[in-house]
Amino acid sequence: MKTEQPHQFRLLAQRRFAPFFFTVFLGSMNDNLLKFSTTLLLTYQLAVPWLPPALVGPVMGAIFIAPSLLLSATLGQWADRCDLGWLIRLGKSLEVLMMGLAAWALWRRDAPMMVACVLVCGVHVALFSTVRYAYIPQHLREHELTGGNGLLEMGIFLAILMGTLVGGLLVAPELGGTWIVGLAVVAMSVLGRLASHWIPSTPAVDPGLRIHWNPVSETWRNLKRCHEDPLVFASMLGISWMWFFGAGFLAMFPILSKDVLNGQEGVASFLLVLTSLGIGVGALMCERLSRGRVELGLVPLGALGMAVFAIEMSMAVHALEQAKASGVRPAWTAMEFVAHPAHWRFLVDLVLMALSVGLFSVSLYAQLQARAEPSHRARIIAANNILNALFILLSAVLVGALSAAGLSMGQLFAAQAGVHIVVCGVAFAWQPIFARRSVILVRQWLGSQS
């Protein structure tokens with residue numbers, strides 16, 4: 001009897017996945033819409049003495065990620081203790097109240113309340129960052145994990161992109177400004193709550209769990225448990241490294257667009273669009289390339305692509321820096337920038353590097369879900385979220401230190417690539433199964449072509 005070949009898009013027509021997917025998508029889009037529109041308001045429209053415009057971006061980023069550091073350990077315990085369907089609906093109901101408060105703050109242009117709402121949004125992000133990866137392995141079979149995670153990753157990056165772009169558009173006074181942003185976030189939270197109504201019951205894996213309220217000791221306890229399984233621990237570190245790598249490049253995009261690419265604001269947005277689409281495409285490719293398996297062999301191939309195209313990007317950026325130094329011209333619009341052949345090398349490198357990130361990350365998430373002990377899965381994912389947040393903060397510190405040291409943008413890209421090569425070399429030497437699986441996978445691809 002021929003086994004049915006998995007195809008991830010069919011999951012979007014099934015109740016066990018579709019309501020969950022759209023609930024997560026709408027929530028991610030809404031969180032980023034509120035965060036980015038608030039950032040723009042405090043930067044350009046609302047002058048407050050206690051938060052200078054130059055600090056708005058970093059402060060909003062820190063406030064948004066802080067709950068993941070402080071609350072993930074506790075939220076992971078609740079996710080293992082509760083029915084995940086019920087917990088998701090509770091989170092979405094609270095989101096409706098939270099976005100109603102945010103709409104009121106936006107309408108009043110109350111800056112302290114807006115900042116407080118972004119902080120509460122971070123709590124929403126911390127909850128769903130844990131719940132979404134704990135939910136999938138309870139409803140998808142093992143051969144569906146790679147495809148399901150690919151769809152989820154594509155949806156999350158697309159939601160972040162759309163939330164950022166829509167927030168930037170709606171906050172403009174000519175399009176309605178604060179009142180239309182408030183209306184949008186409330187409407188999206190209501191839609192998300194409606195979608196969550198159809199999420200099936202997902203029984204608790206440890207209903208008798210006693211909650212440990214100390215996040216530090218709980219996180220350390222879960223990390224020790226993960227360390228007992230080297231592949232689980234390696235997957236966690238790999239996912240966190242992906243966030244370190246990606247956050248470093250994304251942090252450089254605004255200044256890269258302005259000072260090196262000589263672009264207007266639309267160029268930075270266009271780079272974000274290309275990055276999100278590239279990661280999404282790479283994530284969707286994983287199911288076909290792995291033939292539905294949880295395939296560790298994709299990880300070194302993705303890591304290799306990240307290294308190669310990061311180095312190539314550093315050379316392309318260096319060439320653009322040299323070209324800019326030789327003459328001055330008005331800043332490019334996004335359309336002008338794309339139409340100029342001198343920029344095509346950089347854009348192709350960016351897309352291919354982002355695609356490699358998608359290949360790198362999906363198999364690690366699927367491996368973490370497949371191997372994590374079911375009774376502790378949400379807590380392990382929560383510990384991974386804390387590691388992710390720490391690595392993102394470490395990336396920001398490194399990029400800031402290298403910039404302060406006077407490195408050019410091309411040199412910053414090269415340094416990021418160099419660190420990536422060293423880290424991956426050490427990681428794959430520690431866990432040679434990744435490289436062995438890559439060799440086997442490539443041989444299978446070549447064999448199928450002959």
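Count residues from 1 along the sequence.
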Handout entry: Atom NE2 of His227: over 12 foreign heavy atoms under 6.0 Å
Key =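 Counting neighbours around NE2 of His227, 12 or fewer heavy atoms of other residues, nucleotides or ligands fall under 6.0 Å, so no.
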Problem - Other residues, nucleotides, ligands: >12 heavy atoms within 6.0 Å of Trp430 CH2 - result: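 Check passes, neighbour count above 12.
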Between [X] and [Y], what is the shortest heavy-atom contact and its length?
X	Y	answer
Ala310	Ala417	CB-CB, 3.7 Å
Phe244	Ser395	O-OG, 3.0 Å
Leu209	Gln77	CD2-O, 3.3 Å
Ser403	Leu412	OG-CD1, 3.5 Å
Gly168	Phe36	N-CD2, 3.7 Å
Cys121	Met98	N-SD, 3.6 Å

Side chains of [X] and [Y]: does their closest heavy-atom pair fall under 4.5 Å?
X	Y	answer
Leu151	Glu287	no
Leu34	Leu106	yes
Leu250	Leu272	yes
Ile239	Phe391	no
Val397	Leu393	no
Phe20	Pro200	no
Met236	Leu387	yes
Ile279	Leu355	no

Practice task
Walk me through it: do His197 and Arg89 pass the test side chain to side chain donor-acceptor pair (under 3.5 Å)?
Solution key: CA-CA 7 Å; His197 180 74; Arg89 283 185 281 275; 5.8 Å; no
Problem - Cation-pi check, Lys224 onto Phe233 ring (under 6.0 Å, within 45° of axis) - result: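 Relative to the ring axis of Phe233, which defines the angle, Lys224 lies outside at least one limit.
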Handout entry: Step-by-step side chain to side chain donor-acceptor pair (under 3.5 Å) determination, Asn222 to Glu218
Key = CA-CA 6 Å; Asn222 288 321; Glu218 178 63 19; 3.1 Å; yes
Problem - Leu145 CG to Leu140 CG distance, which is reported to the nearest 0.5 Å - result: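 Rounded to the nearest 0.5 Å, the CG-CG separation comes out at 6.0 Å.
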Exercise for the section: Any chance you could measure Leu320, atom CG, to Met313, atom CE, to the nearest 0.5 Å? Expected result: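 Here the rounded value is 10.0 Å.
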Handout entry: Electrostatic pair Glu95-Arg193, nearest N-O below 4.0 angstrom
Key =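 The answer is no: the pair does not qualify as a salt bridge.
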Problem - salt_bridge(Asp80, Arg377) N-O dist < 4.0 Å - result: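 Salt bridge flag = no for Arg377 with Asp80.
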Practice task
Kindly indicate, with the supporting measurements, whether the criterion side chain to side chain donor-acceptor pair (under 3.5 Å) is fulfilled by Asn388 and Ser68.
Solution key: CA-CA 9 Å; Asn388 293 345; Ser68 293; over 6 Å; no
Exercise for the section: Report yes if the distance between the aromatic ring centroids of Phe337 and Phe270 is under 6.0 Å, otherwise no. Expected result: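 Ring centres of Phe270 and Phe337 not closer than 6.0 Å.
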Exercise for the section: Measure centre to centre between the rings of Phe249 and Phe413, then say whether the value is under 6.0 Å. Expected result: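 Yes; Phe413 has its ring centre under 6.0 Å from that of Phe249.
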Exercise for the section: Consider only side-chain N and O atoms of Asp83 and Thr202, and report whether a donor and an acceptor are under 3.5 Å apart. Expected result: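 Note: Asp83 and Thr202 side chains miss the donor-acceptor criterion.
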Problem - Glu312 (side chain) donor-acceptor with Met353 (main chain) under 3.5 angstrom - result: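 It does not hold such a pair.
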